[in-house]
Amino acid sequence: MLVSHAGVPLTRATTFRFTLDVEAAEHRRLLAHAGAFRLAFNHHIARVRANLDQRAAERSYGLAEADLTPALSWSKVSFINEMNAWKDGRASDAPTSVDDDGNQTRGLSWRHEVSADVFETASVNAAQALSNWAASRRGARDGASVGFPRFKSKHRTTPTFRLRAKYSEGSPAPVRPVGPKALRFPKIGELGVRETTRQLRRMLKGGRFHVYAACFRYERGRWIVSVAGVAAQLHHARRGGDRCSPRVGLDLGVKTLAVAADADGDLRHRWEGVKALTHAQERLRLANQAFARTKQGSNVRKKAAQRLGKIHGRVAAVRAALLHEITGTLARNHASIVIEDLNVAGMVQNRKLARHIADASFGELRRQLQYKSAWHGTQLVIADRWYPSSKTCSGCAALKTDLALADRTYRCDACGLAIDRDLNAAINLARYTPAEPVNAPPQLAAA
Ligand SMILES: [Zn+2]
């Protein structure tokens with residue numbers, strides 16, 4: 001565990017995100033870094049690809065395993081060493097360049113114009129991408145299968161790069177605010193930002209934040225930097241929510257994005273997620289149509305693409321703000337939250353639901369609830385996948401087996417209760433009690 005200079009344990013993974021305010025020269029400089037990152041990544045992927053192809057060809061000629069061209073090491077360390085030798089001109093395959101006087105030099109001629117760290121972080125990323133692919137091929141990795149890493153294209157890949165924050169004894173954080181709206185980065189220097197740096201500055205000053213890395217991304221015409229690191233736990237006054245507040249169940253609905261209710265049957269919060277996005281989505285549809293009507297390569301098309309990108313950005317921002325509001329409100333205000341164990345991948349296959357679920361970003365909502373609960377010391381309970389929260393009557397506990405997705409109101413055949421479907425499910429979730437642990441000590445048989 002990391003402990004700051006002020007003796008504060010730093011355990012909370014945190015990211016500060018800023019939009020950079022850059023001038024033309026700074027923009028070119030950042031693009032050069034992204035170019036170096038892409039070059040280094042592609043360099044490793046190409047070498048490994050060539051090596052694999054070589055070995056496959058040799059095998060097809062009938063060479064024994066021992067006689068094949070040796071396999072390349074994919075470790076992060078060997079990638080970093082190989083990249084350094086290549087760009088500094090020590091490797092046999094290093095690039096060469098000729099200056100104006102006709103002198104030949106070995107190594108990448110512009111390597112000193114960018115931070116050397118970019119070559120290292122790109123090497124680490126390439127090694128990680130290859131190891132993900134290898135693990136997926138062995139079946140040692142959960143989730144969707146991972147293909148062989150693709151080359152980063154200059155035009156199709158979002159320009160991005162990462163700098164690590166290397167602390168040196170006694171000096172200030174390598175990535176730090178140098179004004180209310182300016183940040184300082186190693187090698188790159190000072191850059192203006194649009195948001196205030198106040199919180200980051202205060203946390204660094206109090207030893208409550210330690211920077212690991214700064215990730216740069218150029219999207220929709222702006223540079224975004226994410227300053228990632230670890231922070232101290234929140235002050236105890238901000239932890240634990242309201243201890244007296246009842247446990248709430250959160251139902252992620254289709255009609256409404258989320259409904260929170262307590263075990264007594266009272267509605268605590270309701271968020272109309274899908275509605276908030278419908279308007280932006282209509283604009284998105286129109287912009288898409290306008291884009292489709294333009295001619296390839298024309299200026300009009302370029303403009304239409306920019307407009308489309310802006311609307312995409314707005315939809316994403318509306319959604320992100322909504323998710324943070326939901327998860328923040330719940331984690332801050334309740335001592336215990338119960339959510340469903342939704343199989344999101346399985347639900348998206350259901351075509352009727354697909355758009356709504358994509359809108360609602362359930363997976364992200366759950367991820368945020370998990371880390372924010374940890375911040376605030378809130379208990380997060382995930383109900384068993386088979387717990388019938390929608391089908392149970394919150395009035396009399398009768399089970400309704402024929403509840404269709406289209407039924408927006410739950411009507412109980414046993415007690416006559418009619419209640420909003422999502423609210424009914426939220427109440428049932430609030431009443432959820434986890435099953436006995438499977439590995440409970442066995443009962444002694446009677447003698
Ligand atoms: Zn009932």
Side-chain angles (χ1 to χ4, degrees), residues 241-276 322 325-327 329-331 333-357 359-363 365-366 369-370 373 378-438 440:
D242 178 1
R243 287 284 169 224
C244 302
S245 75
R247 160 183 277 197
V248 289
L250 179 71
D251 182 66
L252 304 173
V254 173
K255 191 168 122 201
T256 48
L257 175 52
V259 172
D262 59 32
D264 294 335
D266 288 330
L267 174 72
R268 307 295 292 219
H269 312 273
R270 178 194 287 278
W271 288 279
E272 311 280 348
V274 181
K275 222 182 211 169
L322 186 63
E325 188 203 311
I326 295 175
T327 54
T329 303
L330 290 172
N333 295 314
H334 298 281
S336 177
I337 308 165
V338 188
I339 61 169
E340 300 163 89
D341 182 8
L342 270 185
N343 177 0
V344 176
M347 283 182 83
V348 172
Q349 280 168 11
N350 178 335
R351 300 191 63 182
K352 263 190 192 163
L353 273 175
R355 205 186 70 112
H356 290 300
I357 303 227
D359 275 350
S361 316
F362 284 167
L365 190 131
R366 175 164 161 179
L369 263 185
Q370 267 163 337
S373 300
T378 302
Q379 182 196 28
L380 181 67
V381 179
I382 295 174
D384 184 83
R385 183 164 303 178
W386 309 115
Y387 179 64
S389 57
S390 326
K391 292 180 177 170
T392 307
C393 171
S394 59
C396 70
L399 259 181
K400 191 181 174 81
T401 49
D402 59 345
L403 185 76
L405 253 179
D407 296 340
R408 304 315 328 162
T409 302
Y410 183 99
R411 286 175 209 285
C412 179
D413 302 328
C415 72
L417 176 77
I419 182 173
D420 176 82
R421 173 206 180 95
D422 298 336
L423 176 60
N424 183 59
I427 297 168
N428 286 323
L429 282 166
R431 293 175 183 164
Y432 174 79
T433 38
E436 289 295 311
V438 180

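As the structure lists them, so they are numbered: ligands from 1, and atoms in each ligand from 1.
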Check the Zn ion (ligand 1) and write out every protein N, O or S atom at under 2.8 Å, as residue and atom.
C393 SG, C396 SG, C412 SG, C415 SG

Do [X] and [Y] make a side-chain contact, defined as non-hydrogen atoms from C-beta onward lying under 4.5 Å apart?
X	Y	result
R408	D420	no
R247	R431	no
L429	L250	no
L417	S394	yes

Side-chain donor/acceptor of D262 to backbone N/O of G265, under 3.5 Å:
yes

Partner of Y432 under side-chain contact (heavy atoms from CB on, under 4.5 Å), picked from V338, I339, I382, is V338

